[in-house]
Engineer: 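One structure follows; several queries about it will come next.
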Amino acid sequence: MKLKKIILACLIVFPFFQSNAQIEKEIISFVDSTEYLINNGRKLLLEEVRSYNYTKAHEIYLFLNQKASEKQCDAFTYNEYLLISVLTSDWRSFTEKAKNFKSHQISFCYPSSPIMARELYQEVVKNLPHIQKGIQVAEVSQEEKDLLNLFQYVFQAEKDEKRYNVELKSFQKNYPSSAFTSFVNDYLPKPEKTASMAFAIGASVGFPQGNFKTTFTNGFGIAMDYDICINKVYVSLFMNGTFPRVTTPFYAESEYGVRTDFIMDDKFDYFQGGLKAGYYVVRNNRFHVAPYLAIGGASLTSDIYPYQEDNNKELKMFNSFFTGPGLHSEVKIYEYKGRTDVPYYYYNYSMPGYVSLKLDAGYNFITNQKHEIIKGNMLYVSLSLVWGIGKF
């Protein structure tokens, strides 16, 4: 009885294994001729481009498009379509792709390597003078020619941002209801803002004014700033401290009525910190000038006890709000561009940076001083080394 069951089970299972073996053979022997054509065709097209045989490259391009469409597929990525079009002077293909940017949906039946797109991009960069000449004589409308001129800009090694911004705005103004609006607004690079953020550290000098000046020496110390610049707007979070010394002996009482006598050469700590906000009257690639208004807090505290545990005995002469005008100036001494590891279609996007030297000077009106002997304001000057990220 057991033998019959085993034989029956074998009769049931055997066809299943036989079927799987047949499927495996079919999979191994299956060759998708279209995939083979497209993959090899892409390699051949790139080889023809490298050899400057653009006519042959264009023929391969058209052939692969036809073969891929038979399978309801795309032979190239959207960026590859654009790059091949400008390399082979197929302006019509380019403008059609640009018109359909918003509705275009890439459909891949086969994997696509980004290596080809990167190499195509490099070929466009190398052959940009030839492409620019081709655009000038292209038999297309003026609107399409203006669009092609905008597109070729992103391949230029030394980009004139101001010129690009002007041409982009001009295109948008001249063709307000253009069929290329989505492509221009969503694909092409946005107008570049002259923006940066920077950290500065350096030396500061404080020049007391009024009675403050008759009682204390000028103070030397340290300055630190965190600057944010967007187009013509200058904003800075800053703080600096200086260490004036007593020139005229005096005494003062704390809020608890404790009297302290200060003698010649006693050291004090002057601290000020707050916000500067200004507007550039000069901002070019080498030099900046921006008047600003500063607001914040300032304090003057004695520093006559040598040990930290005696800090509670130090006398705070004032802790006051201040406001006042100032002038920011800065000169660039070095510029660099840090390449970023991003896909080719960001067009060599890089984060620029710079090192500069800045000189700031200001006058602070100190509003709350209880001791008549030191009533006065503060004139200050700082010289700092700046490390910035963004456009100088």
Side-chain angles (χ1 to χ4, degrees), residues 198-227 236-277 292-328 357-387:
F199 176 74
I201 186 167
S204 179
V205 186
F207 302 94
Q209 306 295 303
N211 290 344
F212 200 170
K213 180 179 181 179
T214 63
T215 311
F216 288 91
T217 64
N218 299 331
F220 296 84
I222 189 170
M224 289 190 291
D225 303 78
Y226 177 68
D227 299 342
S236 178
L237 294 172
F238 76 98
M239 62 180 182
N240 59 54
T242 57
F243 308 102
R245 292 180 179 270
V246 175
T247 57
T248 303
F250 69 97
Y251 74 89
E253 291 185 354
S254 71
E255 58 182 318
Y256 305 108
V258 178
R259 172 175 167 145
T260 304
D261 292 288
F262 297 102
I263 62 174
M264 183 82 74
D265 213 36
D266 276 348
K267 189 172 71 171
F268 276 69
D269 294 341
Y270 175 80
F271 172 84
Q272 63 183 20
L275 178 72
K276 302 172 185 174
Y292 62 78
L293 179 68
I295 59 172
S299 65
L300 181 69
T301 308
S302 65
D303 189 15
I304 59 176
Y305 294 97
Y307 303 109
Q308 285 189 340
E309 54 265 27
D310 293 325
N311 281 348
N312 61 325
K313 299 177 184 177
E314 302 289 6
L315 183 64
K316 191 176 288 290
M317 301 300 294
F318 63 76
N319 188 13
S320 173
F321 172 80
F322 74 80
T323 185
L327 186 70
H328 162 77
L357 199 63
K358 80 167 182 173
L359 179 68
D360 277 18
Y363 190 94
N364 290 339
F365 296 95
I366 302 170
T367 61
N368 183 24
Q369 291 171 294
K370 297 178 181 179
H371 300 280
E372 189 67 33
I373 195 171
I374 61 165
K375 277 193 174 180
N377 301 313
M378 179 64 78
L379 173 68
Y380 64 92
V381 177
S382 64
L383 181 66
S384 304
L385 187 67
V386 182
W387 174 60

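Numbering of residues begins at 1 and proceeds along the displayed sequence.
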Engineer: So do L315 and S302 actually touch side chain to side chain, heavy atoms under 4.5 Å?
Structural biologist: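 Yes, close enough: below the 4.5 Å cut-off.
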Engineer: If you look at every heavy atom in I263 and P249, which pair is closest and at what distance?
Structural biologist: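 Minimum heavy-atom contact is CA-CB, 4.3 Å.
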Engineer: Of all the heavy-atom pairs spanning S320 and N368, show the shortest one and how long it is.
Structural biologist: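 Minimum heavy-atom contact is OG-N, 2.8 Å.
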Engineer: Tell me if the aromatic rings of F268 and Y270 count as close, with their centers under 6.0 Å from one another.
Structural biologist: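 Between F268 and Y270, the centre distance exceeds or equals 6.0 Å.
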Engineer: Counting N and O atoms only, with roles assigned by atom type, does the side chain of S382 sit under 3.5 Å from a partner on the main chain of A223, one being a donor and the other an acceptor?
Structural biologist: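 Such a contact is absent between S382 side chain and A223 backbone.
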Engineer: Considering only heavy atoms from C-beta outward, does the side chain of N364 approach that of Y380 to under 4.5 Å?
Structural biologist: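 SC-SC contact between N364 and Y380 confirmed.
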Engineer: If you measure from CZ on F318 to CD on Q369, what distance do you get to the nearest 0.5 Å?
Structural biologist: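 That separation rounds to 5.0 Å.
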Engineer: Examine distances only and state if a side-chain atom of T248 and a backbone atom of F216 form a donor-acceptor pair shorter than 3.5 Å.
Structural biologist: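 Checking the backbone N and O of F216 against the side chain of T248, no donor-acceptor pair under 3.5 Å is found.
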Engineer: Do any N or O atoms from the side chain of T301 and from the backbone of K316 form a donor-acceptor pair under 3.5 angstrom?
Structural biologist: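 No, T301 side chain to K316 backbone: no donor-acceptor pair under 3.5 Å.
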Engineer: Can you list every salt bridge (Lys or Arg N to Asp or Glu O under 4.0 Å) pair that touches residues 374-386, not counting sequence neighbours?
Structural biologist: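 Every pair satisfying salt bridge (Lys or Arg N to Asp or Glu O under 4.0 Å) with a residue in residues 374-386: E372-K375.
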Engineer: CZ/R259 to CD/E253 distance, rounded to the nearest 0.5 angstrom?
Structural biologist: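 Taking CZ in R259 and CD in E253, the distance rounds to 7.5 Å.
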Engineer: Does the side chain of P208 come within less than 4.5 Å of M378's, by heavy atoms?
Structural biologist: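 Yes, side chains in contact.
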Engineer: Within the 4.5 Å heavy-atom criterion, are F238 and N240 side-chain neighbours or not?
Structural biologist: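 The answer is yes; the side chains approach within 4.5 Å.
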Engineer: Hey, mind stepping through M264 and V246 against side-chain contact (heavy atoms from CB on, under 4.5 Å) and telling me if it holds?
Structural biologist: CA-CA 5 Å; M264 183 82 74; V246 175; 5.7 Å; no
Engineer: Yes or no on side-chain contact (heavy atoms from CB on, under 4.5 Å) for T323 and L293, after CA distance, side-chain angles and deciding distance?
Structural biologist: CA-CA 7 Å; T323 185; L293 179 68; 3.8 Å; yes
Engineer: Give me the atom names and distance for the closest heavy-atom approach of N319 to S299.
Structural biologist: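 For N319 versus S299, the nearest heavy atoms are OD1-CB, 3.8 Å.
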Engineer: Are side-chain heavy atoms of F220 and T242 found at a separation under 4.5 Å?
Structural biologist: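 No, side chains not in contact.
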Engineer: Is any side-chain heavy atom of D225 closer than 4.5 Å to one of L237?
Structural biologist: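 No, side chains not in contact.
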Engineer: Salt bridge check, D227 against K276: does any charged N sit closer than 4.0 Å to a carboxylate O?
Structural biologist: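 No, no charged N to carboxylate O under 4.0 Å.
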Engineer: For the backbone of G241 and the side chain of Q272, can you confirm whether one donor and one acceptor N or O come within less than 3.5 Å of each other?
Structural biologist: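 No; judged by distance alone, with no hydrogens or angles, the pair does not exist.
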Engineer: Considering non-hydrogen atoms only, spot the tightest contact between V381 and L359 and give its length.
Structural biologist: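 Closest heavy-atom pair between V381 and L359: CG1-CD1, 3.7 Å.
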Engineer: When the aromatic ring centroids of F262 and F250 are compared, is their separation below 6.0 Å?
Structural biologist: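 Yes, they do, as the ring centres are separated by less than 6.0 Å.
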Engineer: Identify, with sequence neighbours excluded, every residue that meets side chain to side chain donor-acceptor pair (under 3.5 Å) alongside K370.
Structural biologist: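 So K370 forms no side chain to side chain donor-acceptor pair (under 3.5 Å) with any residue.
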Engineer: To the nearest 0.5 Å, how far apart are OG in S204 and CD1 in I222?
Structural biologist: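 Answer for the OG-CD1 pair, S204 versus I222, is 9.5 Å.
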Engineer: Does the pair F207 and F212 meet the rule for a side-chain contact (heavy atoms from CB on, under 4.5 Å), with working shown?
Structural biologist: CA-CA 9 Å; F207 302 94; F212 200 170; over 6 Å; no
Engineer: Just checking F321: does its CZ atom have more than 12 heavy atoms from other residues, nucleotides or ligands closer to it than 6.0 angstrom?
Structural biologist: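 Yes, because the 6.0 Å sphere around CZ of F321 holds more than 12 heavy atoms from other groups.
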Engineer: Answer whether the closest heavy-atom distance between the side chains of D303 and K267 falls below 4.5 Å.
Structural biologist: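 SC-SC contact between D303 and K267 confirmed.
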Engineer: Check A200 against V386 and note the closest heavy-atom contact, atom names and distance.
Structural biologist: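 Distance-wise, the nearest heavy atoms are CB-CG2, 3.7 Å.
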Engineer: Rounded to the nearest 0.5 Å, how far does CZ of R245 lie from CG of D265?
Structural biologist: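 Rounded to the nearest 0.5 Å, the CG-CZ separation comes out at 5.0 Å.
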Engineer: Yes or no on side-chain contact (heavy atoms from CB on, under 4.5 Å) for I304 and E314, after CA distance, side-chain angles and deciding distance?
Structural biologist: CA-CA 7 Å; I304 59 176; E314 302 289 6; 3.7 Å; yes
Engineer: Distance from D266 atom CG to T247 atom OG1, nearest 0.5 Å?
Structural biologist: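 Here the rounded value is 11.5 Å.
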Engineer: From M317 CE over to I374 CD1, what is the distance, rounded to the nearest 0.5 angstrom?
Structural biologist: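 It is 4.0 Å, given to the nearest 0.5 Å.
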Engineer: Write down the atom of I373, the atom of T215, and the distance for their closest heavy-atom approach.
Structural biologist: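 Smallest interatomic distance, heavy atoms only, reads O-OG1, 2.9 Å.
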